[in-house]
Protein chains: 2
Amino acid sequence: MKSDDFNLSYFLPYQLAILSSRISKLLSKVYGDRYGLSIPEWRVLVHVARREKMSVREIHKCVNFEKPTVSRAVSKLEDTGLVAKTASVQDQRLVEIELTEAGFDVLKGITREARSFEENILGGFSEVDRHQLYVLMERLHDELDKHPEAANRPPMDIEARDDLLG
Amino acid sequence: MKSDDFNLSYFLPYQLAILSSRISKLLSKVYGDRYGLSIPEWRVLVHVARREKMSVREIHKCVNFEKPTVSRAVSKLEDTGLVAKTASVQDQRLVEIELTEAGFDVLKGITREARSFEENILGGFSEVDRHQLYVLMERLHDELDKHPEAANRPPMDIEARDDLLG
DNA sequence: AATTTTTCGTTTCACAAGAAATGATATTGA
DNA sequence: TCAATATCATTTCTTGTGAAACGAAAAATT
């Protein structure tokens, strides 16, 4: 039995999944092989660096991973000494997570490589191309936002969004 | 400790991962909740439908999942009666997988919904927008192809590729 | 022809991720 | 003020994935 009428090669969700997977796997060689970090750990590390102190919950809302995943990533990062956890004074339930000096150093190296990785991938892309790509992606997010069943989009830094679309 | 110099909101691999994840999750409500299929099962089903008969290996090369995952998906699909497995006569190692009539029916319904899903997401996109999006994604794939460490891109149907870029 | 090597599909194993449950603390409301 | 509810982080528990191992069959080599 054979049906010619549907072709995954044209199907956006599939193409997006393949592309994303290829890029993620390649990138994970940078922070995985070279720094021993998993994807959640890398994302958490970057997000913690954006603020002075963050709770698990705050990170969870940003990195698009479930709370347990974030919790485990933070613990691992604590074990390896890249972040420090301290119970909040005002609210004993909260855990304040912040980058250690070692974490800062690792982050510095890793972001440099991440940047060069991205530059490598986007090598042949002009400024206009890049802008177009991001705008198209933004528009897809906007379409998704209209769907009540769609997962929430992790919040974008305001400066970034203004800069991108302004 | 705080560092402002790296922003995930701008980082292509991250943005791509989020976007892809949001779309995949939403789509999986269609074939998951409504048809009880997992992502690998859905992909296998579509790929099997493209040819008269396929082996696990052929599918594996196309769907961007590991062989065990494909094997399990095929077994599950066989259990639910959507595909039929028969040992090849010429080569006893190979398993020929083909769609059953029931599988064909399910596929028909599911592709209709997939199409409408895609149309929904791409609703506000003109033909030019869509073309641009796909061309940009193709170019990213091309950049990845240059990297020796990058995972192989699953082969695209030739007609599709010609049509897309010609 | 016999043996080694390769290929194919499956199974086993280890691990990571998310759902649900848990324990601890805050907040709300009677 | 005390009970009920909500919130936060963590810990099970279950499931699914991919690496490696496995058995069977074909191909290649001697």
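Protein chains get the first letters and strands the later ones, always in sequence-line order, with residue 1 at the start of each.
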Taking for each residue the nucleotide of DNA chain D bearing the nearest heavy atom, is the 5' side occupied by B/P40 or by A/V74? A/V74
By nearest-nucleotide position on DNA chain C, the 5'-leaning member of A/K67 and B/V95 is B/V95
Gap between atoms CD and P, on B/E66 and C/dC13 respectively (whole Å): 20 Å
Which one, D/dG18, D/dA9, C/dG18, comes nearest to the side chain of A/P68? C/dG18
If you assign A/F65 and A/V89 each to the DNA chain C nucleotide with the nearest heavy atom, which residue ends up on the more 5' nucleotide? A/F65
Would you kindly give the CG-to-C1' distance between B/L94 and C/dT10, to the nearest whole Å? 14 Å
What is the separation between atom CE on B/M54 and atom P on C/dG9, rounded to the nearest whole Å? 11 Å
Minimum-distance nucleotide to B/R93 side chain [options: D/dT17, C/dG18, D/dA24]: D/dA24
Taking the side chain of A/S71 as heavy atoms from C-beta outward, which of C/dC8, D/dC8, D/dT11 is closest to it? D/dT11
Checking side chain to side chain contact (heavy atoms under 4.5 Å, CB included) for the pair A/Y10/B/E118: CA distance, chi angles, key distance, verdict? CA-CA 10 Å; A/Y10 282 118; B/E118 191 184 29; 5.7 Å; no
Does the structure place the NZ or CZ of A/R43 under 6.0 Å from the centre of the six-membered ring of B/Y14, at an angle of no more than 45° from the ring's axis? no
For B/G124 against A/E143, the heavy-atom pair lying closest together: N-OE2, 3.9 Å
Is there a donor and acceptor pair, one atom on the side chain of B/R72 and one on the base of C/dG9, closer than 3.5 Å? no
Identify which nucleotide among D/dA9, C/dA19, D/dG18 has an atom closest to any side-chain atom of B/T69, counting heavy atoms from C-beta outward. D/dG18
Which whole-number value in Å describes the distance from B/Q92 CD to C/dG9 C1'? 13 Å
Among D/dA25, C/dG9, C/dA26, find the nucleotide with the atom closest to the side chain of A/D91. C/dA26
Can you tell me the distance, in whole Å, between the NE2 atom of A/H60 and the P atom of D/dT10? 13 Å
Any base atoms under 4.0 Å from B/S75, or only sugar-phosphate, or nothing? Heavy atoms, all strands. nothing
Rounded to whole angstrom units, what separation is found between the CD atom of B/E96 and the P atom of C/dC8? 14 Å
What does B/K85 touch in the nucleic acid at a heavy-atom separation under 4.0 angstrom: a base, only the sugar-phosphate, or nothing? sugar-phosphate
Under a 4.0 Å N-O cut-off, is there an ion pair linking A/E138 with A/R153? yes
Would you please classify the geometry between the A/F11 ring and the A/F6 ring as parallel, tilted or perpendicular, with 30° and 60° separating the classes? perpendicular
Measure the distance from CZ on A/R57 to P on C/dT25 and round it to the nearest whole Å. 19 Å
At under 4.0 Å between heavy atoms, what does A/S38 touch on the DNA or RNA strands: base, sugar-phosphate, or nothing? nothing
